[in-house]
Amino acid sequence: MSTPSPQHTSGQTRDRLAERRRITAVLGPTNTGKTHLAIERMMGHETGMIGLPLRLLAREVYDRVVKVKSARNVALITGEEKILPPSARYFICTVEAMPLEREVDFLAVDEIQLAADRERGHTFTDRLLRARGHSETMMLGSETARGLIQKLLPDTYFINRPRFSELSWTGSKKITRLPRRSAVVAFSADQVYAIAELIRRQRGGAAVVMGALSPRTRNAQVALYQSGEVDFLVATDAIGMGLNMDVDHVAFASTQKFDGRQHRPLQVSELAQIAGRAGRYMNDGTFGITGDATALPDEIVSRIENHQFEPERLFQWRNPHLEFSSVAALMKSLEAAPARPGLARAQVGDDLEALTRMVRDPDVNACLRSASAVRRLWEVAQVPDFRKTLASEHAGLLTRLFLFLMTSSAEGTGRIPDDWLDRQMRSLDRTDGDIDILAARLAHIRTWTYVANRADWLHNPAHWQERTRAIEDRLSDALHERLTQRFIDRRTSVLMRRLRQNEDLMTAVNGDGEVLVEGEYVGHLQGFVFVPDPRAEGEQGRVLRNAAAQALAGEIASRAQRLVTAPDADISLSEHGRILWAGHPVAELRGSGSILSPRVELVAGEELNGPAREAVQTRLEAWLKMHIANILAPLVSLRDAADIEGLARGIAFRLVENLGALTRESVAEDVRALDQAARGQLRKHGVRFGAYSIFMPVLLKPAPARLRLTLWALGNAAAESEPFENLPAPPTPGLTSVPADPAAPEGFYETVGFRVCGVRAVRLDMLERVADLIRPVIAARTYNGGFIVTPDMMSLVGCSGEEFASLLRGLGYRSQVETVTPPVMETPKENKAAPAAEQGAEAETASAPSAAETPEEPTPAGSPEEMPAADVSASVEAAYEAEAAPEEQASAPASSETSPEAEPAAPGIAEAAAAPVEMEIWRPVRKRHGGKAESDRKKPRHDKKKRDGEQEAQGNKPQRRDRRPGPPPAKPDRKPREREPDPDSPFAALAVLKERVRGNGS
């Protein structure tokens, strides 16, 4: 059994003396004058000591006592600050820093009900049981502590203090409607900042008070509030611990808090402690919540108003008599359970957790050879974690401090090196950065301030105390400045004061469009619209806008004149239909009855009016008309053309309404009805007849495409809707195809010169070039009326694989894997100059299905009835190329029909020497019998067997197709039906012409 240490014995003796000294417990709600009573009683004695719950409150009381007793007689002792005059007789301390070894006549502890707090409670319990003055001892706190104090100290004399003023509930109010002299309470720094920012915008500004602030910063912020420079205070629950300010109303921004372990509702006593800050001395106070906080039940409101709270059930306790013979003995004594009812062993604190982590270090363990070393280890473990870092990081810092102290002596009498400490200080001695950075530096310097006040840890403690205090003061001043800049709008306060005094304000607009009132920025002009400073909202914003109106009228009139005379180059049109001048929107376009003539709506306030407004409107309308005429010149020319007549005029009208592009199938009947003269009228205005589209190639360029999209969006927007709200991004200029957005509205891609084919949208001119590659292959019958996909086709549209297959399917082609003999291509020797009529006949023949594919009577080739809406027959594709004007052919990509020297239309095919292979063959899907595709007409296998069985039952042998290779069976000659040549097919016309030539020759 270990022998008790001398300190242990002296501590037990002090406890016995404390129990024999009677205490006075002064209990009651807030604003009862308890702290004031204790201070007055202390100053009535020769010596005294008071323990307070907050460093901020300790500093406030210290300043108050110094005014009466002078600085040489008053000491301030907190964890981070020590002012100890040699002749000090009064000691103002935080509860944890009270020097109990000093004998004083009077001793008091404030907020004694905090003995029930899970984190700090054991310290208050220790002071309740062990701290005594020779003549008088007072414990100050809430009525909730009465029961436990009486149980632990039956001889206690109780004094109940009633509240000086009434406290009443006012319910919920928006922050912007809180009365003047209000304090808004939140429970996190982020929430405090957000509320202070809102009040600055709406009400001019707010002071900020948080427990993490240094006393210097906190006092400077409170001074702003107390002086009336701001009427609002935003604070954490730190104001609930005796900070005395002239607050009339307390508003809870939240009724929950994070207590270090979990988010929980505030207890009624906690709510009352904070709400009690409202109403000082004889002035009544009110409390309530803001719009975002959870409403308080009527029962809780009644208990707060009448100061009726549940009594505390347990005080936290930790053994004050520690054993330092070994680390194991120390931990065992720390874990001892209380022997008295009403006490509960305190949870593991930061100091015990740091101790546990430190002893895991082998270097630390090697130093623990004596009781003094273990005591030193415990002292280091109690350095608070002001930085709120990870437990392992904090323990690592403490381990280094301990090893410094143990470097030169096994008894722990070493010192922290000056050069190492200097490096830590230099990294923090900076005042740049925002609020959070400065607050973090302040938290770090508090650690070194605490260390500097351990005189036996440093070579020159006075130097380091002075230096840490100087750094903390500089950081505090910088933080106060940042808080003031961010959360207090001095400009608004000054302007409001001037306006209340009915003084004229100087207003002006500088060259950058900034509007200044009394030299202060209040907003800026964007075009003809005044945009107020977003920091000035609510009542202040209204006042500033009224003041700025004096300067706006003249400036806007001057701008209107400059716009009317501005050159066209200074005006532009955005992709979202806004007309810009000098970089700012001055008008917006709206849809009208004519897609090429949208309406112009000015973007301007009431300041632009009368003749100036009409002049601006006329100028912008004229500019827009000229802009559209320049960018979409071919389309405007087509609209206004006088040389287009008859059916061609109808197609021209539809092209204009569709902004220069139509799908061929949508106007197939009209196109077939056009004669060559009518087609020439349209070609002269830049219209191109393609296999898939009728379009104007020049409008595919980026600038026309952007403007077309803008006009299309305006023309297709529903009433009262935003035209550009749901549009996808247009294809990037230069791309030949893009993935099609399935959410794109109908007509979007066609407007920008693309066509949706499967999963991709392909530019119209590239789609026609793909058709140029497909057409000669089909015409040559190389793959029995089909074609295979080649790299050239895929490179044109920038996609391959399944994407290209989807594109072809979207154009009306279908694929089938077939066994074919690969052809051996050779250059023809004699057919290079084949007559056009023969080439046209070949193409027309290629468009018709083979005899094996059409057992029924064939429909004449080139007839539109044989094709689905999505399919364009080979005859139409050939017609597109043959119809091209000579100048158009010169600019169009070369094809087998237009440039036979570059790419033969129908190359010769030699006898195949290679073995048959399987290949994917693509063919157009043709419709038969009422529009059904040929593939849909194939009979199921079981139907064929059924038909064969019926023939056998009638005595006829069923006819079976011989699948062996060989020549196809001969067919009886059938006279083709006589029909008029298709005007859309030049090949049919050439065939007729050929017959006439033969007839004349004969």
Side-chain angles (χ1 to χ4, degrees), residues 5-18 21 23 35 38-39 41-43 45-63 65-66 69 71-112 114-115 120 122-140 215 318-322 324 351 375-376 378-384 446 449-458 461-462 465 469:
S5 63
Q7 293 84 358
H8 185 95
T9 303
S10 63
Q12 291 179 334
T13 301
R14 185 183 299 112
D15 291 352
R16 287 193 292 271
L17 290 173
R21 292 175 180 171
I23 70 170
T35 306
I39 294 171
R41 295 290 299 170
M42 180 183 69
M43 290 190 294
H45 290 272
E46 285 296 319
T47 59
M49 181 185 301
I50 184 169
L52 299 156
L54 293 177
R55 179 191 181 197
L56 299 177
L57 184 56
R59 184 74 195 206
E60 181 180 295
V61 173
Y62 168 78
D63 292 337
V65 176
V66 163
K69 296 296 185 180
R72 62 187 180 87
N73 291 320
V74 186
L76 174 65
I77 305 176
T78 68
E80 305 112 88
E81 188 174 15
K82 287 183 173 60
I83 302 176
L84 273 171
S87 59
R89 295 186 294 118
Y90 302 98
F91 299 87
I92 316 301
C93 320
T94 53
V95 173
E96 286 83 355
M98 293 175 71
L100 298 183
E101 68 279 1
R102 286 185 176 269
E103 297 288 342
V104 291
D105 294 331
F106 175 89
L107 185 143
V109 179
D110 197 10
E111 305 292 356
I112 194 63
L114 287 179
R120 305 174 62 198
H122 65 86
T123 304
F124 286 81
T125 301
D126 179 75
R127 304 305 182 253
L128 173 68
L129 299 178
R130 304 175 62 236
R132 298 291 185 271
H134 278 298
S135 303
E136 187 177 3
T137 303
M138 294 182 70
M139 299 293 162
L140 319 172
R318 188 162 72 180
N319 184 12
H321 309 302
L322 303 181
F324 296 102
D351 49 7
R375 181 183 294 276
R376 180 68 79 192
W378 177 239
E379 291 173 355
V380 174
Q382 292 181 86
V383 174
R446 289 179 69 185
T449 302
Y450 184 95
V451 171
N453 280 281
R454 297 304 304 256
D456 54 340
W457 291 8
L458 305 169
Q465 288 169 15
R469 185 161 50 250

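A donor-acceptor distance shorter than 3.5 angstrom exists from the side chain of K69 to the backbone of M43, with no hydrogens or angles considered. With R127 contributing its side chain and V95 its backbone, the two residues share a donor-acceptor pair below 3.5 Å.
When all heavy atoms of T137 and R132 are compared, the pair lying nearest together is OG1-CA, 3.5 Å. Shown here for L100 and A131, the closest heavy-atom pair between the two residues is CD2-CB, 3.8 Å. Scanning all heavy atoms of the two residues, the minimum distance from A108 to A38 falls at CB-CB, 4.2 Å. Contact between G79 and Y450 at its shortest, heavy atoms only, is O-CD1, 2.8 Å. Between A452 and L458, the closest heavy-atom pair is CA-CD1, 3.4 Å. The shortest non-hydrogen separation linking R375 to F324 is NH2-CD1, 3.2 Å.
Ion pairing between E46 and R89 holds under the 4.0 Å rule for side-chain N and carboxylate O.
With contacts defined as side-chain heavy-atom distances shorter than 4.5 Å, the pair M49/P99 qualifies. Side chains of M98 and L107 form a contact here, defined as non-hydrogen atoms less than 4.5 Å apart. A heavy-atom distance below 4.5 Å is not found between the side chains of V109 and L128. In this structure, the side chains of H134 and H45 stay at 4.5 Å or more apart for every pair of heavy atoms. S87 places a side-chain heavy atom less than 4.5 Å from the side chain of N73. Residues R376 and W457 have side chains in contact (heavy-atom distance under 4.5 Å, counting atoms from C-beta outward). Between R454 and V451, every side-chain heavy-atom pair lies at or beyond the 4.5 Å cut-off.
Taking CG from L52 and CD1 from I92, the interatomic distance works out to 7.0 Å, rounded to the nearest 0.5 Å. In this structure, OH on Y90 lies 7.5 Å from OG1 on T47, to the nearest 0.5 angstrom. In this structure, OG1 in T94 is found 12.5 Å from CG in D110, a value given to the nearest 0.5 Å. Separation of atoms CZ (R41) and CG (D105) is listed at 12.0 Å; rounding is to 0.5 Å. Summarising the geometry, atom CD belonging to E96 is positioned 10.5 Å from atom CD belonging to Q382; distances are rounded to the nearest 0.5 Å. A distance of 4.5 Å separates CG in N453 from CD in Q465, rounded to the nearest 0.5 Å.
Across D351, T123, T125, D126, a single residue satisfies side-chain hydrogen bond (donor to acceptor under 3.5 Å, both in side chains) together with R318, and that is D351.
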